[in-house]
Amino acid sequence: MEKIVSLCKRRGFIFQSSEIYGGINGFWDYGPLGAELKRNLKEIWWHSMTRERDDMAGLDATIIMHPKIWDASGHTTTFADPMVDCLLSKKRFRADQLTPLTGTAWFWTGAVDSDSGKVCNDPFSMFQLPGRDANAVRKGAIQFYKGRGLENPQLQGETTKEVTDSTQYNEENGSLLTEPRAFNLMLKTHVGPVESDDNVAYLRPETAQAIFAQFKTVCEVSRQSVPFGICQIGKAFRNEINPRNFTFRSREFEQMEIEYFIRPDEVAATFGTVPDDDPGGEPQPNWGWKAWHAYWLRKRLEWYESIGLERDCLELYWQTPEELAHYAKATVDILYKFPFGTQELEGIAARGNFDLSQHQKFSGKSMEYFDEAAKTRYIPHVIEPSAGVDRMLLAVICHAYHEETVTDEKGKEEIRIVMKFHPRVAPIKVGIFPLLKNKPELVAKAREIQALLRPHMNVFYDDAGAIGRRYRRQDEAGTPFGVTIDFDTLGEDASLKDTVTLRDRDTMKQTRVHISELLPKLQSKIQSPQ
Ligand code: GAP
């Protein structure tokens, strides 16, 4: 991860925000390459989720909305109390509602990974719950250090102590809790010239609520009928207690969210038996929430594959009934195997009709929908595939990072750092290299090719330094193709006139391509499933 963070800074993918002032925790800036990569990810998502579908409409709502939205969604109340987090289950508790525990507490100063030797110096403690032996307690600690990125943790500095009426532990599993903090995850501001409680507003902690609030309007103007979806890409803000793992948990981030509105199961049943699990295939009128939930999981996994995150680098985590929100029917998280642990990229939740019902209750405006086909009125249910742009970008960067040993023409071995981005997401698609910068004919031809390709893809012109070094620079930037203009291009060998060499980043092989074939060839390579 350190190598990746350093490459991100060195090559201009991601930097700390406000770095000249020492940075600000949980905020990150995207440099020239990062900005292109981010834009590509968002565009690919928007294109495939919105423009390529008949049943989807887009939305671009404001970050600050009426504060009542957050009362309806539950955000103002849920996040307003002093809270503690369980360090093992990540469950969150009200600090003032904890059961005091008396008995033996176990402490560790850290752990060492017996495979890699990696050290974690985070202290940890477990309360020994009734009926649990030492092994069960240590198991909890091992789970904790696994969560800190150690594959095979060996516990260090073990001690025990008797505690009385302690509220530092989770009574469900004995794990240490975080220190209590009175916080609200939503970032607050004031709207208007007066700072008072009457004009408090929040920076949205998710983009989803705007979709629910505008459900009726979008439904009407887009002339969509249920089942259909509304999607949105936009900034979200959370005053995270513990921003960490580079951009993974930030305080300002972007989400790409879909709220896909479906018939309640009892309405779907008017079109035939409602499938109880994944029926596969194309959507049908009798699909209930289970079929739609499975469908969206399939679609999203296919999408990840289309940007180069193949199935075997992802894992699924189905939330247990205890972890689910009270209104949710099921939630499956799509996880990526990051170097710091396997962590969530996207959640796909079946949320029932909780959100629309809440907005109906709080706004007094009907959220009911009349289904012409089913000839009935209802509040639609929803499936919510909710992804984070920044996490996705981090996963794409981690996945692309490769170090290879290569041998140059003189037989010398060197390490090649190459970012193997899928060409579709790569920030720069083609590097354009005149063999020599002091030969006006080569430069003129190279500029001509730059002008030919530029309207269609992001190109980078580089004439500085030896050609091998220029290739390496583009390998680090993840540029999948390189076009070199040499003397044969100018007709030194008449049979090769108006041809260039096309270099493939991954194989480093070069082929000669006629300039007239360059654009279609590159376009088909960029779009290919690889
Ligand atoms: N509307 C549902 C919702 O917001 P969530 O699981 O809290 O659900 C959805 O967030 C996605 O947003 C996550 O899977 C993650 O990719 C991204 N996300 C959430 N909090 C984040 C944070 N602090 N930093 C970066 N990305 C975050």
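Both counts, for ligands and for their atoms, begin at 1 and track the order of listing.
- Scanning the protein heavy atoms around atom 25 (C) of ligand 1, the nearest turns out to be Phe248 O, 3.2 Å.
- Donor-acceptor pairing under 3.5 Å is recorded for the side chains of Thr207 and Glu257.
- The proximity of Glu346 to ligand 1, defined as any non-hydrogen pair under 4.0 Å, is limited to the backbone.
- Looking only at atom types and distance, the side chain of Tyr30 has a donor-acceptor partner in the side chain of Asp390 under 3.5 Å away.
- What sits closest to atom 16 (O) of ligand 1 on the protein, heavy atoms only, is Leu345 O, 2.8 Å.
- Inclusion of Glu384 in the set of residues having an N or O under 3.5 Å from an N or O of ligand 1 is warranted.
- For atom 13 (C) of ligand 1, the closest heavy atom belonging to the protein is Glu344 OE2, 3.3 Å.
- Under 4.0 Å from ligand 1, not a single heavy atom of Thr207 appears.
- In terms of protein heavy-atom proximity, atom 17 (C) of ligand 1 is nearest to Gly388 CA, 3.7 Å.
- At a cut-off of 3.5 Å, with distance as the only test, a side-chain donor of Asp71 or Thr76 sits close to an acceptor on the other residue.
- For the residue pair Gln209 / His75, no side-chain donor-acceptor distance below 3.5 Å is found, with atom types taken as modelled.
- Annotation: atom 24 (N) of ligand 1 to nearest protein heavy atom, Ser250 N, 2.9 Å.
- The option from Ala236, Ala387, Ser386 that lies nearest to atom 3 (C) of ligand 1, judged by heavy atoms, is Ser386.
- Within the 4.0 Å heavy-atom cutoff, Asp390 does not count among the residues contacting ligand 1.
- In summary, the side chains of Glu323 and Tyr317 do present a donor paired with an acceptor at a separation below 3.5 Å, with no hydrogens or angles considered.
- Residue contacts with ligand 1: Glu206 is placed with a nitrogen or oxygen under 3.5 Å of a nitrogen or oxygen of the ligand (distance criterion only).
- Between Phe124 and Trp108, the angle of the ring planes stays under 30°, which puts this pair in the parallel group of the 30/60° scheme.
- Between Lys118 and Glu151 no salt bridge is recorded (no basic side-chain N to carboxylate O distance below 4.0 Å).
- Residue Glu257 touches ligand 1 through its side chain alone, judged by heavy-atom distances below 4.0 Å.
- A donor-acceptor contact under 3.5 angstrom links the side chains of Ser48 and Trp303, judged on distance only.
- Looking at atom 15 (C) of ligand 1, its nearest protein heavy atom turns out to be Arg391 NH1, 3.4 Å.
- For atom 7 (O) of ligand 1, the nearest non-hydrogen atom of the protein is Arg238 NH1, 2.8 Å.
- Surrounding NZ of Lys235 are more than 12 heavy atoms belonging to other residues, nucleotides or ligands, all under 6.0 Å away.
- Salt bridge status for Asp265 with Lys290: absent, with no side-chain N to carboxylate O gap under 4.0 Å.
- Nearest protein neighbour of atom 12 (O) of ligand 1, counting heavy atoms only, is Gln255 NE2, 3.2 Å.
- For Arg351, no nitrogen or oxygen atom sits less than 3.5 Å from a nitrogen or oxygen atom of ligand 1, counting backbone and side chain alike.
- Side chain to side chain, His399 and Tyr336 meet the donor-acceptor criterion of an N or O pair below 3.5 Å.
- Each of the atoms 1 (N) of ligand 1 lies under 4.0 Å from some heavy atom of Ala208.
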